[in-house]
Chemist: 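Right, I'll just put the structure down here and ask away after.
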Amino acid sequence: MNYSYEKLRETSVVSEAIHKSMSHNKSTGSVPEEKVRKALWKAGIRGYRKNAKKLPGKPDIVFGKAKLAVFIHGCYWHQCPTCTNKRIPKTNSLYWETKFKVNTERDHRNEEALVAKGYQVLVIWECEVKASLEEAVTRITRALSGTGNTPEQPT
């Protein structure tokens with residue numbers, strides 16, 4: 001069956017404990033985002049803006065002059081292509097499947113809209129930050145210098 005996301009949201013039953021836990025998830029200022037920003041600062045890379053509200057998807061880091069938008073995606077919520085942590089919760093599984101699908105579709109639309117505005121889009125996954133923060137900073141540095149990887153291709 002194909003239900004609309006909003007209809008599923010209305011009908012889902014969520015325990016108080018899960019509601020409390022999920023309501024504390026941040027949309028900005030996550031641990032991976034903070035780590036990357038601190039590492040950029042430490043590396044002397046400045047001149048970026050956080051969560052640019054006027055751009056599609058509100059990229060986590062935006063280098064305006066270089067037209068580079070960086071998203072730091074959580075592997076679970078944005079369904080990392082390389083991670084195995086794609087477990088769908090057993091309760092309200094149809095709702096969660098739909099939510100993850102909507103999240104990834106929205107991510108792709110935002111990336112396409114940014115590219116249409118002339119931005120280079122770089123996606124850094126939470127697992128990349130955990131594995132090697134230095135490599136994540138190197139990817140951003142390469143993108144700024146014009147020798148970067150294509151979007152969504154971890155090195």
Chemist: Just how far is it from atom NZ of Lys58 to atom NZ of Lys50, taken to the nearest 0.5 Å?
Modeler: 14.0 Å
Chemist: To the nearest 0.5 Å, how far apart are CD1 in Ile140 and CD in Glu135?
Modeler: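 Ile140 CD1 to Glu135 CD: 10.5 Å, rounded to 0.5 Å.
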Chemist: So for atom NZ, which belongs to Lys67, do other residues, nucleotides or ligands contribute more than 12 heavy atoms lying within a distance under 6.0 Å?
Modeler: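 Enclosed.
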Chemist: With a 4.0 Å cut-off on N to O distance, would you call Glu34 and Arg37 a salt bridge?
Modeler: yes
Chemist: To the closest 0.5 Å, what do you measure between CD (Glu105) and NZ (Lys101)?
Modeler: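 Glu105 CD to Lys101 NZ: 5.0 Å, rounded to 0.5 Å.
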Chemist: Taking Val70 as the fixed residue, which of Asp60, Ile124, Leu144, Val36 is the one that meets the side-chain contact (heavy atoms from CB on, under 4.5 Å) rule?
Modeler: Ile124
Chemist: Nearest 0.5 Å please: distance from the CD atom of Glu128 over to the SG atom of Cys83.
Modeler: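 The distance works out to 9.0 Å.
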Chemist: With a 4.5 Å heavy-atom cut-off, do Glu33 and Asn51 have their side chains touching?
Modeler: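 Counting from C-beta outward, Glu33 and Asn51 do come under 4.5 Å.
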Chemist: Looking only at heavy atoms, what is the nearest atom pair of Ala143 and Gln120, with distance?
Modeler: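 Minimum heavy-atom separation between Ala143 and Gln120: O-OE1, 3.5 Å.
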Chemist: Between Asn110 and Gly57, what is the shortest heavy-atom contact and its length?
Modeler: ND2-CA, 3.3 Å
Chemist: Using 30° and 60° as the class limits, which term best fits the ring planes of His78 and His73: parallel, tilted or perpendicular?
Modeler: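 Ring orientation, 0 to 90° scale: parallel.
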Chemist: Tell me the closest heavy-atom pair linking Thr82 and Cys127, and the distance in Å.
Modeler: OG1-SG, 4.1 Å
Chemist: Would you compute the distance between atom OG1 of Thr141 and atom CD of Glu134 and round it to the nearest 0.5 angstrom?
Modeler: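 Here the interatomic distance stands at 11.5 Å.
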Chemist: Are the side chains of Phe100 and Ile88 in contact, using a 4.5 Å heavy-atom criterion?
Modeler: yes
Chemist: For Arg49, does the CZ atom have more than 12 heavy-atom neighbours from other residues, nucleotides or ligands under 6.0 Å away?
Modeler: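 No, because the 6.0 Å sphere around CZ of Arg49 holds 12 heavy atoms or fewer from other groups.
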Chemist: Considering only heavy atoms from C-beta outward, does the side chain of Leu122 approach that of Arg139 to under 4.5 Å?
Modeler: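 The answer is yes; the side chains approach within 4.5 Å.
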Chemist: What I want to find out is whether Arg106 reaches Glu111 closely enough, with some N-O distance under 4.0 Å, to be called a salt bridge.
Modeler: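 Between Glu111 and Arg106 there is no salt bridge, as every charged N stays at least 4.0 Å from the carboxylate O atoms.
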Chemist: Taking all heavy atoms of Pro59 and all of Leu114, pick out the closest pair and write down the distance.
Modeler: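 Minimum heavy-atom contact is CG-CD1, 4.0 Å.
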Chemist: Does anything in residues 42-65 pair up under ring-ring contact (aromatic ring centres under 6.0 Å, His included), and if so which pairs, sequence neighbours excluded?
Modeler: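 Every ring-ring contact (aromatic ring centres under 6.0 Å, His included) pair that includes a residue of residues 42-65, provided the two are not neighbours, is Tyr48-Phe63.
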Chemist: Does the side chain of Tyr119 come within less than 4.5 Å of Leu55's, by heavy atoms?
Modeler: yes
Chemist: Any side-chain heavy atom of Trp125 within less than 4.5 Å of one from Pro32?
Modeler: no
Chemist: Say you draw a straight line from CG of Asn103 to OH of Tyr76; how long is it, rounded to the nearest 0.5 Å?
Modeler: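 Asn103 CG to Tyr76 OH: 10.5 Å, rounded to 0.5 Å.
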